[in-house]
2 protein chains.
Amino acid sequence: MPGRVTTLKELAAQLGLSITTVSRALAGHEQIALKTRQRVTEAARQAGYVPNTAARTLVSGRSGFVGMVLPIRGPNLVDSFLGEFVTGLGEGLVSHGSDLILAAAAQGQSELSVLRHVVESGRADGVVVTRIAEVDERLAYLRQRNFPFVAHGRLLDGDFAYHWLDTDGAHAFGEAFDMLYDLGHRHFGLVTISEPMTFRHLRQDGLAAAIARRGDPSVRLDVATAPRFDRGARIQAINRLLHATERPTAIVALFDELALTVMEEAARAGLAIPRDLSVIGFDNIAASAYAPPGLTTFDASIRQCAREIGEMLLTVIGNRPDAPLTRLVRPTLVSRASHGPAPTRQN
Amino acid sequence: MPGRVTTLKELAAQLGLSITTVSRALAGHEQIALKTRQRVTEAARQAGYVPNTAARTLVSGRSGFVGMVLPIRGPNLVDSFLGEFVTGLGEGLVSHGSDLILAAAAQGQSELSVLRHVVESGRADGVVVTRIAEVDERLAYLRQRNFPFVAHGRLLDGDFAYHWLDTDGAHAFGEAFDMLYDLGHRHFGLVTISEPMTFRHLRQDGLAAAIARRGDPSVRLDVATAPRFDRGARIQAINRLLHATERPTAIVALFDELALTVMEEAARAGLAIPRDLSVIGFDNIAASAYAPPGLTTFDASIRQCAREIGEMLLTVIGNRPDAPLTRLVRPTLVSRASHGPAPTRQN
DNA sequence: AGCGAAATTGCAAACGTTTTAAATGCGAGC
DNA sequence: GCTCGCATTTAAAACGTTTGCAATTTCGCT
């Protein structure tokens, strides 16, 4: 990189042109003579010129960034979700030359305040919001502020007047029920979390709806609930399910991590999977393939979804559509060996 | 948020002060009367004022961002590493108010060109570089450019004149050998990759050094090599090892994913672990705990390392130390059930 | 009352870009 | 030779902040 020219001014001086002309030439404006355009482009390439982002942002009002707030969890909580999501988002953005900015929330700092900072400081042209809560102040803020965003997930109240992409957990849980019902299961367990996330309801409602559709009064559903990050409570809740006088023959877990715990506890209780108990998860995390006997689950293809979210957001930023962009992605069943026919009753 | 005031100018007008004074008051300059400072601070808080990042960056030359280039891999390659790393990095940065910018490399675009773009455009005050290659053009560029960076990993040639943090893979592999030797193993296998990453050499050299230290001529080491992302070739290489006329009794894998494949193939070949074969990995990814019988491996605590890298980089950006900051993190052995005494020879 | 120093505040330039509006050069038409 | 219109180029303002220097106010002291 010979003769480091960093600014438009230097480049202009070197070419004997005005800043304006150079700027326009690089932007490819038709009004600049073709010969000049070529000359400028070549000189810029030679000099390794890269426009200054801050200056461009300041004048144009567009930063070329998409923001996301990093959810910081407890110290030993790895987010198998995050790596995939970030990768996918990056893929979706790169084609349009956007980059991703990740702002972490410090301990004790609310996610909302970080989000506000990102928005108000003009760091980003739009943001992605994940894991929607039942009452989500982030969405409320963004909508009131009329700031471009795409949500990964939905609110419950049917108020869908914003752009979102979601995985159809309701459908998946219905599918799981139907499959298990057809295998003879009548007594079901659901392991869920107590945090007010909307996906919890959507999935549970999908299960309930499928049960209702079947119209079989002999179907029974027991629900075990525990806080998301309290491993002890989770194990307790699961064991209450496993050691009830009438034990479910099939357990559906809100997501794979819960399902894996169910399988561990079942093994500890001497139950063979799938002979004594069928287990079905959701997410298809890497460990699910390895945990014996292989967890049957649904693959939500997070990376692909994140990529689409990135593309949606760029559309929103560019076009400001007034009709909401929405997309419901149907997860695919990954059939492994953790489910099978209901055991013949003898209990 | 009543009366949205967004700029310093508006805030100044509202307070009847000059822009200069307001700016200085918010920055806490002593020269501004305490009373004024308080008045300004309160008004800014009320108005929800957040300084414009672009303007600040433009004049100060500091963006407050740390950059990193997202390695985009093949479509179905999840990077269990990335999520943890990004989370840790975010944690390390947030305490000093920095954010992270992630730039993805588009298909066919070199990682170097993206890095150059990030640097030259002034988007970031410093960058993090991971997965160091034997001949790493990114490091060469950054050093020549004298741009602040911290590397996750080391070059081989002893030319350590830059800031880095690395996991001591050499030590870990030595430890693994010593442990297995003491369990009676004499015939070892190493499963490694063909990509020119420095960590491959460091770990292999650590193993070789431990063997040499022991000075036992009966120790034998067979090496199986395959491209990182070619599952077929990987399986082939591993099976050559497993089906050799004289099979190793202990296999050390460069990282867990390889170790898990070894365990799968061993199971397929009817070998019981750890009775017939001991396997040891490196990384401690989530799946390693679930894959039967539980993989013995080393935990590199990626998240913690990334956090330290973030803190190091902020130091580098702030202080520009001339002595290199370096840190070698010793991974800890996670002892599960995939290793045991060497089988008694009968072959 | 007046002077000077100290305390406090403000003016204006600068950062590097985009963009509006205007200027310049040039050939054609009369 | 003069004007008009077109193609091409440029001057200057603007974006919102920080900061060197200058201006203003305050206040103690004589």
Side-chain angles (χ1 to χ4, degrees), chain A residues 4-41 43-44 47-65 97 99 117-125 318, chain B residues 4-41 43-44 47-65 97 117-125:
Chain A
R4 311 228 94 266
V5 176
T6 47
T7 80
L8 221 42
K9 187 154 78 175
E10 294 179 50
L11 202 55
Q14 183 187 301
L15 283 162
L17 289 170
S18 74
I19 294 179
T20 310
T21 306
V22 176
S23 171
R24 289 217 167 98
L26 290 175
H29 285 209
E30 292 288 338
Q31 57 186 265
I32 303 294
L34 180 61
K35 212 165 56 177
T36 314
R37 264 184 283 165
Q38 290 170 336
R39 197 160 66 97
V40 170
T41 312
Y49 169 74
V50 178
N52 180 294
T53 305
R56 175 176 279 181
T57 301
L58 188 56
V59 62
S60 72
R62 282 279 166 87
S63 71
F65 283 116
D99 286 334
H117 222 80
V118 169
V119 169
E120 307 289 340
S121 68
R123 280 162 155 75
D125 303 332
Chain B
R4 313 228 93 268
V5 176
T6 46
T7 80
L8 220 43
K9 186 153 77 175
E10 293 178 50
L11 201 55
Q14 183 187 302
L15 283 161
L17 288 168
S18 75
I19 294 180
T20 308
T21 306
V22 176
S23 170
R24 290 212 168 101
L26 289 175
H29 285 208
E30 291 289 337
Q31 59 185 173
I32 303 294
L34 181 60
K35 213 166 55 177
T36 314
R37 265 184 283 164
Q38 290 171 336
R39 196 161 66 96
V40 171
T41 312
Y49 169 74
V50 177
N52 180 295
T53 305
R56 174 176 280 182
T57 300
L58 189 55
V59 63
S60 72
R62 282 279 164 86
S63 70
F65 283 117
H117 222 81
V118 168
V119 169
E120 307 289 341
S121 67
R123 283 161 152 77
D125 302 332

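Lettering follows sequence order; numbering is per chain, from 1. Because the structure is a prediction, the values reported are computed rather than measured.
- Protein atom CG of A/Asn52 is 17 Å distant from nucleotide atom P of D/dT17, rounded to whole Å.
- A distance of 12.0 Å separates CG of B/Leu15 from CD of B/Glu10, quoted to the nearest 0.5 Å.
- Taken from CZ in B/Arg24 to CG in B/Leu17, the straight-line distance is 13.0 Å, to the nearest 0.5 Å.
- Side-chain contact between A/Tyr49 and A/Leu26: present, with at least one pair of heavy atoms (C-beta onward) separated by less than 4.5 Å.
- Candidate nucleotides C/dT9, D/dT17, C/dT18 were compared by shortest atom distance to the side chain of B/Arg56, and D/dT17 ranks first.
- A/Ser60 has no side-chain polar atom (N or O) that falls below the 4.0 Å cut-off from OP1 or OP2 of C/dT17.
- The side chain of B/Ser18 sits closest to C/dG10 out of C/dG10, D/dT9, C/dT18.
- Within the structure, every side-chain polar atom (N or O) of B/Tyr49 is placed at least 4.0 Å from both OP1 and OP2 of D/dG16.
- Nucleic acid contact for A/Thr21: base, since at least one base atom lies under 4.0 Å from a heavy atom of the residue.
- Atoms CG and OG1, from A/Asn52 and A/Thr7 in turn, are 9.5 Å apart once rounded to the nearest 0.5 Å.
- Distance B/Ile19 CD1 to D/dT18 P: 11 Å, rounded to the nearest Å.
- The separation between B/Leu15 atom CG and C/dT8 atom C1' is 16 Å, rounded to whole Å.
- Straight-line distance from the CZ atom of B/Arg62 to the P atom of C/dA14: 22 Å, rounded to whole Å.
- Of the two residues near DNA chain C, B/Ala55 and B/Gly16, the one whose nearest nucleotide lies more 5' is B/Gly16.
- Taking atom CG of A/Leu34 as the reference point, atom P of D/dT9 lies 11 Å away to the nearest angstrom.
- Each of B/Val22 and B/Val59 lies near DNA chain C, and the nucleotide nearest B/Val22 is the one positioned closer to the 5' end.
- Toward the 5′ end of DNA chain D lies the nearest nucleotide of B/Leu58, the other residue of the pair B/Leu58 and B/His29 mapping further downstream.
- Evaluation of atom-type donor-acceptor distances gives a pair under 3.5 Å for the side chain of B/Thr20 against the base of D/dT19.
- Distance, A/Arg123 CZ to D/dT17 C1': 14 Å, rounded to whole Å.
- Judged purely by distance below 3.5 Å, without hydrogens or angles, the side chains of B/Ser60 and B/Arg62 never pair a donor atom with an acceptor atom.
- Look at B/Thr7 and you won't find any side-chain N or O under 4.0 angstrom from OP1 or OP2 of D/dG16.
- Of all nucleotides listed (D/dT17, D/dT9, C/dC11), D/dT9 comes nearest to the side chain of A/Gln31.
- Within 4.0 Å of A/Thr57, counting heavy atoms only, lies no atom of the nucleic acid at all.
- Summarising the geometry, the separation between CG on B/Leu8 and P on C/dA14 is reported as 20 Å, rounded to the nearest angstrom.
- Per the geometry, CG belonging to A/Leu26 stands 15 Å off C1' belonging to D/dT9, to the nearest Å.
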